[in-house]
Number of protein chains: 2
Amino acid sequence: MRKSTLRDVSRATGLSIFTVSKALNGGEGVSELSREQVLKAARELGYIPNRAAQELRKASRDSIAVVTASTSNSYYLDLMAGIQQMLQPSDWTVVVGDVAVNGAYDPALEDRMIRRLIESRTAGVISTLRLSFDNTQLLERWGVPLVFVDSSPPEDKPSLPSVTTDNYNASLMVGEHLAGHGYKRWLFLVYPSKWTSRFDRERGIRDAARFHGAHVDVIESENDPASASAAFADYLAAQGRLPDVLITGNTPLLLGAMTLVRQRAIRIPDDMALIGFDEFAWAPLIDPPVTVLNERSEEIGRVAARTLAAIIASQTEAEARGQPANPQYLPQYRQQVPAALVVRRSCGCGGGPHPFVAKETSR
Amino acid sequence: MRKSTLRDVSRATGLSIFTVSKALNGGEGVSELSREQVLKAARELGYIPNRAAQELRKASRDSIAVVTASTSNSYYLDLMAGIQQMLQPSDWTVVVGDVAVNGAYDPALEDRMIRRLIESRTAGVISTLRLSFDNTQLLERWGVPLVFVDSSPPEDKPSLPSVTTDNYNASLMVGEHLAGHGYKRWLFLVYPSKWTSRFDRERGIRDAARFHGAHVDVIESENDPASASAAFADYLAAQGRLPDVLITGNTPLLLGAMTLVRQRAIRIPDDMALIGFDEFAWAPLIDPPVTVLNERSEEIGRVAARTLAAIIASQTEAEARGQPANPQYLPQYRQQVPAALVVRRSCGCGGGPHPFVAKETSR
DNA sequence: GGTTTCCTCCTAAACGTTTAGGTTTTACCG
DNA sequence: CGGTAAAACCTAAACGTTTAGGAGGAAACC
């Protein structure tokens, strides 16, 4: 049994390739009889269209890419869920492109990925990290709309859309909570600035510390647990004592820090309090349950997907009117999603079996 | 700035399309001067080839698909890592196809996915779940090699390759450990048989129970935490008391069960012991640290990828000799990877700060 | 009977590459 | 300078679709 083409179906039915194509795609101008014959023959021959040929002919763009690094971060799964939810119905194909090898971001991989996406004439891109200037340039040149999530565009392209947590206010809120506990010496363990949410988070923490008369040390680690563990250990070795509270920039860093905490038998929150960015499924089950800033990645995904879809729609509409097909980026496409603090035990809040309070950042 | 084609580059250089193509692809028979000119022009024009056209012409098959459901299960990330590791160097593109919507497996989605994969002339498929007979049939008809991981082929196609954990022996080992603790009443909370690893796991647990004179109840839950929680609650309501030990079939089910455990303030391992299938990053940090059967998904991924690559290679070789291009499935393609028991505290093993013992299933 | 209208179906030209086979140019040699 | 071989390049045909434009015939109208 061999791979069959439209021509095979055409031969089998005695109808022309044109008619067969029309019949299969539900077009007008085909008699019911012919259509039935075609469908029957196609089924029997196991005909499945060749997508490459379709795309070539239709210049079709029906897939959307999500660019990500360090997929192991669980927020990414929620993000994807949000995106899928929004895009599935209008049947876009969502593909994910990982630009990390063995968990570490690789610029060469970023270049390769963007090229690939253009090669396959992707309709739009959602990126979880700041892309290089050249790559945003390239996408623009090829008229591929781009939306950043949880990250901001390169400085030279400030008008590009982005959907982020309200990181600054969220961090202020975290700081306020810590100050409420009376902690004076904070440690912020954070990932590299390739993930640009770092800037606002760090700024918020620093401002909160200044405002509340606390001192904050910031240490940077690669975006994986092992590096985080090492960075934390180095800090402790240099300082000789624990901070009042450790703030971890995201879940992989939290995992790394917790591993060291366990090894050194550090008691939380007695010896040191702990608070983390990003909610995750196991947080309530850890010993002790971890207080966390929930950044609502699913909602972020939905907003980003909706935005991208809108841009593409207006683009194809302009194209239909024969106008230049460059994506139009409106100012209102820069959006922030509020975050909520999920208070558990690690921050020092005592509590019954389920200490669970949620506050929201004001918008 | 508009999208440029080979023809544009050709016009810009005064060379023919043929020469331009050769030059870009590093082919012979192009003078150094011409090549330079072509590369320069291509760069200036921002030329990027159209993949659809290339694929159509070359009938190229350079991507491999991983079919999965319920991505949220973290073992899948390790699996992917193993596959990528093996396939990245030979520059296959690995795409993942999720056949679950909102975490729930959907047969219609499976059909759609397989069709899509054939449409895009995917070179090979790795599936984490048993596919329908029709779909395996379809893939076979189109000459697309198929390897199952952590799951087995439909009964009608027993010769298809599969790479699984040595689930039966692993389960025996789990049972033996439980018997060693003297537990007599076991509860096995397990996912639906769509994921075929269930069969061997259940059989192993049952055999071990029989051998050691224990009683085992098996309850089935959908493959997500909420369902697991509900199923466990139902069981408790019906029984009126806790089992000696709860065995969870995978990580999402463990999460669901643990959530209920926390709600009901069940003390582990005092009130009930706990042991789970599949290792995951947070297991050592849970309260108490969870004893787990580590199924080595990364290794499974590597083996599966290697097997698939071998099948494809022999297939293309046969094709080159003008022979039938159906994939050849050899008996040795059915492989089992040993698993290891990671003993922590939840099973009742007391222990210092790091009770960490690893045993392997004998092969 | 001639004209118009409507259906159904067809031919042929694209889409942007790769490649088989051929032709021109260049380089070299006697 | 003629002849030959290699190098450089070209023309044209494919790959499997979709689609613009039109042919053919039957029914409907005058």
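Residue numbering restarts at 1 for every chain, and letters A, B, ... go by the order of the sequence lines.
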Pick the nucleotide of DNA chain D nearest each of Leu15(B) and Arg121(B); which residue has the one closer to the 5' end?
-> Leu15(B)
Could Glu119(A) and Arg116(A) be called an ion pair, given the rule that one side-chain N must be under 4.0 Å from one carboxylate O?
-> no
With a 4.0 angstrom cut-off to heavy atoms of chain A, pull out the first and last contacting nucleotide of DNA chain D, in 5'-to-3' order.
-> dG16(D) to dA20(D)
Asn135(A) and Glu110(A): side-chain donor and acceptor closer than 3.5 Å?
-> yes
Between the side chain of Arg130(A) and the main-chain N/O of Pro153(A), is any donor-acceptor distance below 3.5 Å?
-> yes
Residues Ala12(B) and Leu45(B): closest non-hydrogen pair is CB-CD1, 4.1 Å
Is Ser151(A) reaching over with its side chain to a backbone N or O of Phe148(A), donor-acceptor style, under 3.5 angstrom?
-> no
So what does Ile17(A) touch, heavy atoms closer than 4.0 Å: a base, only the sugar-phosphate, or nothing?
-> base
Side-chain N,O (Ser16(A)) to OP1/OP2 (dT11(C)) below 4.0 Å | no
Whichever of Arg57(B) and Arg35(B) has the more 5' nearest nucleotide on DNA chain D, that residue is Arg35(B)
Donor-acceptor pair between Ser162(A) and Gln335(A) side chains, under 3.5 angstrom = no
